[in-house]
> 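Just dropping this structure here.
Each chain gets a letter, A, B and so on, in the order its sequence line appears, and its residues count up from 1.
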Number of protein chains: 2
Amino acid sequence: MHNRLCYIVQLPIKCQCLLETFMRMRALTDQNTKKTTIYDLAQLAGTSAGTVSAVLNGNWKKRRISEKLATKVRNLADEHGYALNMQASTLRKEKSGIIGMVVPMYDNRYFSSIAQTFERMARAAGYFPIVTCTQRDPELELTAARTMLAYQVEYLICTGATDPDKIHDLCAPAGVPTLNLDLPGKKASSVISDNYAGAFKLTKKILAAAPERSQGSLFVGGREADHNTQERIRGFRDAHAEIGITVTEDQILACGYASQKAAAALSRFLKDAAEPPATMFVNSTISLEGVVTSLRENDLATQDKIVIGCFDWDPFAELLGGNIFMVRQDVETMMNALFSIIREGSEAEIVTIEVPPVL
Amino acid sequence: MHNRLCYIVQLPIKCQCLLETFMRMRALTDQNTKKTTIYDLAQLAGTSAGTVSAVLNGNWKKRRISEKLATKVRNLADEHGYALNMQASTLRKEKSGIIGMVVPMYDNRYFSSIAQTFERMARAAGYFPIVTCTQRDPELELTAARTMLAYQVEYLICTGATDPDKIHDLCAPAGVPTLNLDLPGKKASSVISDNYAGAFKLTKKILAAAPERSQGSLFVGGREADHNTQERIRGFRDAHAEIGITVTEDQILACGYASQKAAAALSRFLKDAAEPPATMFVNSTISLEGVVTSLRENDLATQDKIVIGCFDWDPFAELLGGNIFMVRQDVETMMNALFSIIREGSEAEIVTIEVPPVL
DNA sequence: CATTGATGCATGATCGATTGTGCAATAAAC
DNA sequence: GTTTATTGCACAATCGATCATGCATCAATG
């Protein structure tokens with residue numbers, strides 16, 4: 001069945017050198033295109049494929065294979081650079097060992113740290129992590145999820161997904177559990193930052209450091225529709241309420257996260273205002289980029305003049321100097337929570353874990 | 001062969017409600033754990049698995065399947081949320097469509113931009129991209145490469161790899177071509193920044209903007225052993241030579257990339273020096289973090305006092321203000337070069353493409 | 001010497017999708 | 001009416017690894 005036929009031809013002496021060249025090429029091609037399989041190793045070791053498989057995947061003890069044969073097979077595997085064919089293995093075992101994650105972007109510290117930590121922990125848990133970024137494109141989110149399903153992922157983590165519940169509905173019929181990270185969903189467990197508490201603390205901090213000024217605070221960035229922004233605005237409001245200040249609608253610029261949008265929104269605000277705001281709550285480092293740019297353009301350095309609080313962390317932003325405070329979402333703890341849910345199994349009910357960020 | 005047996009049992013009426021509950025559970029479990037296969041769809045459509053396969057993978061025209069049957073099969077597939085089993089498909093076709101990439105880290109703009117662009121372009125080229133970060137761990141680099149081989153990647157891109165040639169040697173016997181990105185290798189084609197030209201230009205720029213001072217320039221960050229650092233030092237030297245200055249060994253602090261190392265090396269330097277350097281060439285944003293920290297600690301703001309050139313780009317670093325110039329490695333062009341090599345096929349000889357970075 | 005048990009391995013079915021081959025049924029050509 | 005061509009599909013082998021089953025061989029026991 002698995003015999004690889006080999007035609008041996010008798011050639012006249014004249015052709016010997018040609019033959020040699022051919023054999024070298026074949027050897028090269030063989031090694032270059034044909035991967036060694038357990039059948040090849042079985043033939044070389046004079047044993048069966050099943051035995052080779054047992055030796056290489058570690059349960060040869062159970063199958064009572066002799067130490068001697070096991071060693072021989074392992075040596076041959078090393079010599080020939082044997083690599084397991086995961087597709088075949090997965091197909092048979094019906095378990096891929098793959099855990100998937102979709103993230104919106106890599107290009108800020110929060111998400112890149114999530115991706116990096118996810119890979120590390122997944123590997124430590126014995127999974128093969130596949131991370132893919134969906135460019136904040138809802139369409140691509142679904143396509144990516146579908147593709148991950150095709151690759152038989154055992155778990156799918158939806159990070160900052162536009163519509164995590166739709167992804168859940170895609171995965172559920174295939175028996176693939178999902179988890180939400182950063183943004184919560186209703187149909188699967190979620191691990192998110194404690195946005196309210198973080199925003200509340202951060203706001204108190206900047207209010208305490210704020211200079212006296214008629215023009216009060218400003219909230220910049222994020223989308224009113226998204227859960228995180230709502231919670232942060234609530235924290236922002238309540239921290240003000242605590243010292244007897246009511247935040248009005250015009251103090252909230254939920255203009256989206258993109259830096260250009262934040263810059264534009266802030267510039268518009270500054271044009272109408274008599275005085276710059278005393279404090280600003282900026283909803284992400286991405287938005288902060290826009291805020292800083294806008295301040296530059298309006299000849300307002302960060303230094304001392306305006307106290308900024310940013311819900312997110314970036315090392316260089318921190319070095320910007322001036323009165324800038326950042327809360328750092330606790331990625332390590334969030335990811336630990338995530339993997340503890342995964343370890344518990346999907347039996348449990350739907351939970352939402354809120355991890356406090358650190359100032 | 002592929003019949004899924006279904007035992008139908010006649011139960012006394014008493015048990016009817018129990019049965020109902022059972023059926024609901026079974027339905028749930030069935031839908032939750034068993035994925036729909038082409039055999040399931042074939043049975044539902046009253047046709048054969050081969051036909052279903054042909055319909056779903058698009059070559060049903062070639063196989064002369066009627067429009068009517070094709071539509072029926074497609075509808076059934078949609079209804080039942082059918083997802084292709086890639087493992088089975090790959091196993092049979094002996095082509096996975098997977099393209100792999102290893103990167104050292106995600107947490108700086110350069111590498112995260114590379115990862116992001118890679119994913120986008122790979123998808124556009126019809127591949128399924130798998131990116132994994134190896135934490136600058138040479139051991140993990142090899143392990144990751146081996147795992148990628150097991151998953152039957154068709155191509156492997158080694159980004160900033162410690163020893164790309166070793167990875168090549170791992171992949172070659174399996175017939176998997178490799179490409180090097182960012183750091184060159186000898187055994188496969190490479191796409192890298194034109195480090196010499198970039199460094200030369202950047203150095204000229206900071207020299208032109210430099211204040212007159214006895215203490216000249218400093219080169220901070222990177223490893224003497226790595227190709228990029230060598231080339232940048234060469235550019236740094238030559239730009240000085242052009243205006244008649246010879247760079248001495250003590251002006252080169254190739255202390256590694258890590259920010260702490262850069263901070264420590266610079267602080268040590270500043271302790272011994274009578275005066276701070278007029279200009280500094282910093283070898284990456286990571287190192288720049290350390291440099292800025294060290295300057296802070298030594299009460300030297302960036303403002304006007306020291307002209308800094310950084311070989312790498314970060315939006316916030318750019319906003320730091322003061323005399324700081326950054327060259328941005330041209331990721332888009334580099335990745336285009338990479339994929340054009342991939343499209344050409346691996347027939348061609350080993351080439352090294354140097355892409356000029358932009359100031 | 002016959003029976004039991006342990007040891008060491010081979011055999012073959014199986015996972016799901018793909019694809020070359022072949023065989024009916026109908027249509028077209030002579 | 002017979003031959004040829006075309007349409008429309010079913011069948012079965014195959015990819016590589018896994019694992020339940022089974023069959024020799026040899027030692028131990030009665």
Side-chain angles (χ1 to χ4, degrees), chain A residues 1-5 33-73 77 80 82-97 149-152 174-175, chain B residues 1-5 33-73 77 80 82-97 149-152 174-175:
Chain A
M1 191 195 261
H2 269 281
N3 295 321
R4 295 233 161 95
L5 288 184
T33 67
K34 271 300 170 193
K35 305 188 180 178
T36 313
T37 71
I38 51 169
Y39 296 92
D40 302 332
L41 294 179
Q43 204 161 35
L44 289 166
T47 181
S48 74
T51 301
V52 173
S53 171
V55 169
L56 296 179
N57 68 24
N59 56 15
W60 54 285
K61 282 271 178 194
K62 224 178 303 173
R63 304 203 139 249
R64 298 179 315 202
I65 313 270
S66 67
E67 184 80 47
K68 195 180 135 199
L69 183 54
T71 311
K72 183 175 176 186
V73 168
H80 291 261
Y82 170 80
L84 174 66
N85 184 327
M86 268 298 182
Q87 325 293 340
S89 177
T90 295
L91 181 57
R92 181 59 230 262
K93 289 200 299 185
E94 313 205 319
K95 273 196 73 190
S96 69
L149 280 183
Y151 281 96
Q152 312 297 107
Chain B
M1 188 193 261
H2 268 280
N3 296 320
R4 294 234 160 94
L5 289 184
T33 66
K34 271 298 170 195
K35 306 188 181 180
T36 313
T37 72
I38 51 169
Y39 296 92
D40 302 332
L41 293 180
Q43 206 161 35
L44 288 166
T47 182
S48 73
T51 301
V52 173
S53 170
V55 168
L56 296 178
N57 69 23
N59 57 14
W60 54 285
K61 282 270 178 195
K62 223 178 301 172
R63 302 203 135 247
R64 297 178 314 204
I65 314 267
S66 66
E67 184 81 49
K68 194 180 133 197
L69 183 54
T71 310
K72 184 176 177 185
V73 167
H80 291 260
Y82 171 81
L84 174 66
N85 185 325
M86 267 299 184
Q87 325 293 340
S89 176
T90 296
L91 181 57
R92 181 59 232 263
K93 289 200 299 185
E94 313 205 321
K95 273 196 75 192
S96 68
L149 279 184
Y151 281 96
Q152 312 296 107

> Just to confirm, is there a sub-4.0 Å distance from OP1 or OP2 of D:dT7 to any side-chain nitrogen or oxygen of B:S66?
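Result: no.
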> How many angstroms lie between atom NZ of A:K72 and atom OG1 of A:T47, to the nearest 0.5 angstrom?
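Rounded to the nearest 0.5 Å, the NZ-OG1 separation comes to 8.5 Å.
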> Write down the distance between CG (B:L69) and C1' (D:dG8), rounded to a whole number of angstrom.
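Between C1' of D:dG8 and CG of B:L69: 9 Å.
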> Taking atom P of C:dA17 as reference, at what distance in whole Å does atom CD1 of B:I65 sit?
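Value for this atom pair: 16 Å.
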> Quickly work out the A:W60 CH2 to C:dC9 P distance and round it to whole Å.
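That distance rounds to 10 Å.
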> Calculate the interatomic distance between B:E94 atom CD and D:dT14 atom P; express it in whole Å.
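So the two atoms are 13 Å apart, to the nearest Å.
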> Between D:dT7 atom C1' and B:K61 atom NZ, what is the distance in whole Å?
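Nearest whole value for this atom pair: 13 Å.
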> Verify the contact: side-chain N or O of A:T37 to OP1 or OP2 of D:dG16, cut-off strictly under 4.0 Å; return yes or no.
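Looking at the OP1 and OP2 atoms of D:dG16, neither is under 4.0 Å from any side-chain N or O of A:T37.
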> Stepwise, does the side chain to side chain contact (heavy atoms under 4.5 Å, CB included) test hold for B:T37 with B:N85?
CA-CA 8 Å; B:T37 72; B:N85 185 325; over 6 Å; no
> Mind running side chain to side chain contact (heavy atoms under 4.5 Å, CB included) on B:L56 and B:V73 for me, showing each step along the way?
CA-CA 8 Å; B:L56 296 178; B:V73 167; 4.3 Å; yes
> Rounded to the nearest 0.5 Å, how far does OH of B:Y82 lie from CG of B:D40?
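With rounding to 0.5 Å, CG (B:D40) is 9.5 Å from OH (B:Y82).
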> Looking at five pairs on each end of the helix from C:dC1-D:dG30 to C:dC30-D:dG1, what is the angle between the two axes, given to 10 degrees?
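Comparing the first five pairs with the last five, the axes sit 60° apart.
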> Look at the side chain of A:Q87 and the backbone N and O of B:A88, then say whether any donor-acceptor pair between them is shorter than 3.5 Å.
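Looks like no, no N/O pair under 3.5 Å.
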> Once you apply a heavy-atom cut-off of 4.0 Å, does A:T90 come out as touching a base, just sugar-phosphate, or nothing?
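Answer is nothing: A:T90 stays at 4.0 Å or more from every strand.
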> Could you run down nucleotides 18-26 of chain C 5' to 3' and tag each one B, S or - for protein heavy-atom contact under 4.0 Å?
BBBB-----
> Separation of A:E67 atom CD from C:dT7 atom P, in whole Å?
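Atom-to-atom, A:E67 to C:dT7, this comes out as 15 Å.
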> Which pair of heavy atoms, one from A:A70 and one from A:I65, lies closest together, and at what distance?
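Scanning both residues, the minimum pair turns out to be N-CG2, 4.5 Å.
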> Taking all non-hydrogen atoms of both residues, which atom of A:R63 and which atom of A:A54 are closest, and how far apart?
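Scanning both residues completely, I find the closest heavy atoms to be CD-CB, 3.6 Å.
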> Please report, rounded to the nearest Å, how far the C1' atom of C:dT14 is from the CD atom of B:Q87.
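Whole-Å distance recorded here is 16 Å.
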> Round to a whole Å and report the spacing from CG of A:L91 to P of C:dA17.
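Result: 9 Å.
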> State, to 0.1 Å, how close B:Q152 and A:L84 come at their nearest heavy-atom pair, and which atoms those are.
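The pair with the smallest heavy-atom distance is OE1-O, 4.1 Å.
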> Where do A:A42 and A:S48 come nearest, in terms of heavy atoms and distance?
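Looking at all heavy atoms of both residues, the shortest contact is CB-C, 3.5 Å.
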